[in-house]
Amino acid sequence: MNAVVPPHPNPKAIPHLWNYKELRPLLLRAGELVTAEEAERRVLMLINPALRTSPHSSQRHKLTASQRPPRQPTPSMPDYN
C-alpha cells in the first residue's frame with residue numbers, strides 16, 4: 001500500500017513559474033505552424049522541468065496554454081457528465 005499511498009510526501013516536481021510574456025510568442029508561433037483546419041485545438045503543454053519524462057506540470061496535473069485567433073469559432077467541448 002505504501003507504493004500507492006506513501007506514509008510521507010515524496011514529491012518529484014519542483015516549483016516552477018511559467019511567464020506569460022515568454023509563452024505568448026510561442027503560442028502565436030504555434031498558431032502559425034498548425035492551423036485550425038489541421039488541429040481542433042492547439043496547446044502548449046507546460047511540463048515541470050523535474051518531470052521531463054512525464055508530460056505533467058505537477059505530480060498529478062497537466063497544465064496547458066491554448067491559443068485561438070480572434071473570431072475563430074470555438075469547437076464545443078465534449079460532455080463528460
Side-chain angles (χ1 to χ4, degrees):
M1 187 66 171
N2 282 349
V4 178
V5 182
H8 303 286
N10 185 19
K12 297 192 180 17
I14 60 172
H16 188 76
L17 175 67
W18 288 275
N19 185 315
Y20 182 72
K21 285 184 179 183
E22 295 173 9
L23 289 178
R24 188 173 188 278
L26 299 173
L27 285 167
L28 295 175
R29 181 70 177 136
E32 294 169 2
L33 294 173
V34 181
T35 67
E37 292 76 31
E38 295 173 309
E40 186 173 297
R41 289 179 177 37
R42 292 158 291 168
V43 300
L44 290 180
M45 294 181 69
L46 306 178
I47 298 173
N48 190 290
L51 303 175
R52 292 192 184 275
T53 59
S54 172
H56 290 83
S57 305
S58 70
Q59 292 292 111
R60 303 182 190 278
H61 299 96
K62 292 184 180 181
L63 180 63
T64 61
S66 63
Q67 175 278 66
R68 188 173 42 260
R71 294 180 291 285
Q72 177 181 332
T74 305
S76 61
M77 294 295 290
D79 184 9
Y80 293 111
N81 294 327

Taking side-chain contact (heavy atoms from CB on, under 4.5 Å) as the definition, give me every residue that meets it alongside P49, ordered by chain and number, with sequence neighbours left out.
I14, H16, R52

In this structure, would L27 and L33 fall into the same cluster of hydrophobic residues linked by side-chain contacts under 4.5 Å?
no

Please find the pair of heavy atoms, one from N48 and one from W18, that lie closest to each other, and give the distance.
N-CZ2, 4.0 Å

